[in-house]
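Each remark here refers to the structure printed beneath this line.
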Amino acid sequence: MSDEKKNFGGYSLDLDDDSEKVTKNDNLVEVKEEVQVKLADSKGDPNSPLYSVKSFEELGLHKDLLKGIYDMKFSKPSKIQEKALPLLLANPPKNMIGQSQSGTGKTAAFVLTMLSRIDFSNNTPQAICLGPTRELARQILQVVEEMAKYTQLKVHSAVKDDEKAREKIDAHLIVGTPGKVTELISKRLLPVNMIKIFVLDEADNMLDVQGLGDQSLRIRTLMPKTCQIVLFSATFPDKVRTFSQRFAPGANEISLKAEELTVAGIKQFYMDCKSEEHKFEILVSLYSLLTIGQSIIFVRKRDTADKIAMKMTAQGHKVVSLHGKMESKDRDTIMDSFRQGTTKVLITTNVMARGIDISQVNMVINYDIPVDGNGRPDPETYLHRIGRTGRFGRTGASVNFVSDQRSYDEMKAIQNHFGCEIVKVPTDDEERIAKILKEALKS
Ligand SMILES: Nc1ncnc2c1ncn2[C@@H]1O[C@H](COP(=O)(O)OP(=O)(O)OP(=O)(O)O)[C@@H](O)[C@H]1O
């Protein structure tokens, strides 16, 4: 889609495309318990993304929403919630482009805004929220349902193979993926004339990726003129930011510099493997560490995910793979069992890189270093992948596997982009590996 001209709202736009217990070793069991309670990111530190001076009451939320969030054990807002909510809730509504580090509570910021804008006495769609994958859309829907527990909200899930709407939707809030929402609108099942707020989560991805971008844009053009446009992500690369500003004209912006994006609680490592086979051997040797909490292993290709899962399973390890080639039903089952902690190790592609929030995930392995569609190192995807751990101040470890000069250079390019530290871990000393990673999860 590079250089392609898009017409939107009268503008011509340039779119750039692009606890299963570990029985082997008592120490590991001990660490697991510590990992679960340890908060790395001190909320007392004014520089922490979790720091705030205000309470939720001071942010002007309805008492029914306050009851919902207190039930979820949210005691104080995070920085992005404290900063964004007053801007998002102000009248007349203003658009928003909001950025904050992974796992710092962006979802609550936009969900609470949508819920605050809805008139529950009017049974017609008033808010649409889109995410890039069915897994993320389902997760947002769960958050919506929890937060809206004390309201009269009716919500509709718009993901493939889910709730086949045949009649006109009368739910107040729609959460879905762009493809399904486009379909519902074109079949005239989803009326959009009363939509007051349109949210894109993982907005940079939603606007940049071929297909998703086209659909998001098309839906955007159908929104009423007065509709509030809200874009959130941990990353807004320059090429997407300019477009975002046109997508959400006059928006309030909360932004971060590249160097501010990495989360302090996520320690980053790399292991210098000799070959592809050696990568697999190292992965297997890490299994007992991977199951201390839960882990996600990211690979580049769907086939690789399946192959590794098969090989590990054949060796007696309990792992599952999840990727976009699978049936929706299977994806949901795998995801639900990982979310419940029944499965501990998930091998996946970038489909799971963004937004997925499972607090028990304390290790992420980049089995393949992320690259973009042109084969170039992809810092944004890297940041989202490692952000699946270290959620809301928890500790986490991420380990990059490199196996040749090229993968090493890719990792270095990503490291330079963020100006972060990625520490080398030896591959030939299991005890030392365990010590380093366990230390990372403790500190
Ligand atoms: N104020 C709060 N107090 C306690 N926990 C919170 C608060 N806000 C959010 N959380 C929890 O923090 C976790 C991370 O939040 P969320 O998934 O919204 O992060 P995010 O900023 O959207 O991350 P990502 O960029 O990875 O999508 C969730 O489990 C959420 O329930």
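Numbering of ligands and ligand atoms starts at 1, following listing order. One-based numbering along the sequence shown.
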Within the 4.0 Å heavy-atom cut-off, what Glu202 brings close to ligand 1 is side chain

Check: Asp204 side chain, Val240 main-chain N or O, donor-acceptor pair, under 3.5 Å:
no

Closest to atom 24 (P) of ligand 1 (heavy atoms only, candidates Gly105, Gly103, Ser359) is Gly103

Quick note on ligand 1: atoms under 4.0 Å from a heavy atom of Lys76 include exactly 1 (N), 2 (C), 3 (N)

So the atoms of ligand 1 within less than 4.0 Å of a heavy atom of Arg388 turn out to be 26 (O)

Among Phe56, Phe74, Phe110, the residue with a heavy atom nearest to atom 30 (C) of ligand 1 is Phe74

If you apply the rule side chain to side chain contact (heavy atoms under 4.5 Å, CB included), what do you find for Leu290 with Ile365, and how did you get there?
CA-CA 9 Å; Leu290 297 177; Ile365 308 274; 3.9 Å; yes

So for Arg391 against ligand 1, with non-hydrogen atoms under 4.0 Å, the contacting part is side chain

Note to self: Against ligand 1, does Met72 come closer than 4.0 Å with any heavy atom?
What the structure shows: no

Short version for His384: what comes under 4.0 Å of ligand 1, heavy atoms counted, is neither

Result for side chain to side chain donor-acceptor pair (under 3.5 Å) between Glu135 and one of Arg339, Arg354, Arg331 points to Arg331

For Thr107, the ligand 1 atoms with a heavy-atom partner under 4.0 Å come out as 16 (P), 17 (O), 18 (O), 22 (O)

At under 4.0 Å between heavy atoms, what of Asp357 touches ligand 1? The answer is side chain

**Prompt:** Within 45° of the ring axis of Phe247 and under 6.0 Å from its six-membered ring centre, is that where the NZ or CZ of Arg220 lies?
**Reply:** yes

Side chains of Leu207 and Leu231: does their closest heavy-atom pair fall under 4.5 Å?
yes

Judging by distance only, is a nitrogen or oxygen of Lys106 under 3.5 angstrom from one on ligand 1? yes

In Lys83, Arg241, Lys94, the residue satisfying salt bridge (charged side-chain N to carboxylate O under 4.0 Å, His left out) with Glu253 is Arg241

Fill in: Check: Gln415 side chain, Glu421 main-chain N or O, donor-acceptor pair, under 3.5 Å
no

Worksheet item: Within the distance-only criterion (no hydrogens, no angle test), does the side chain of Lys267 pair as donor or acceptor with the backbone N or O of Ala264 below 3.5 angstrom?
Response: yes

- Within 45° of the six-membered ring axis of Tyr150 and under 6.0 Å from that ring's centre, is NZ or CZ of Lys67 located there? yes

Within 4.0 Å of some non-hydrogen atom of Thr104, the atoms of ligand 1 are 19 (O), 20 (P), 21 (O)

Quick look: Tyr70 vs ligand 1, heavy-atom contacts under 4.0 Å, and the answer is neither

- Message: Do the side chains of Lys442 and Glu439 get close enough for a salt bridge, i.e. N-O under 4.0 angstrom?
- Response: yes

Any heavy atom of Arg354 under 4.0 Å from ligand 1? The part involved is neither

Note: heavy atom closest to atom 8 (N) of ligand 1, options Gln81, Gln99, Glu82, belongs to Gln81

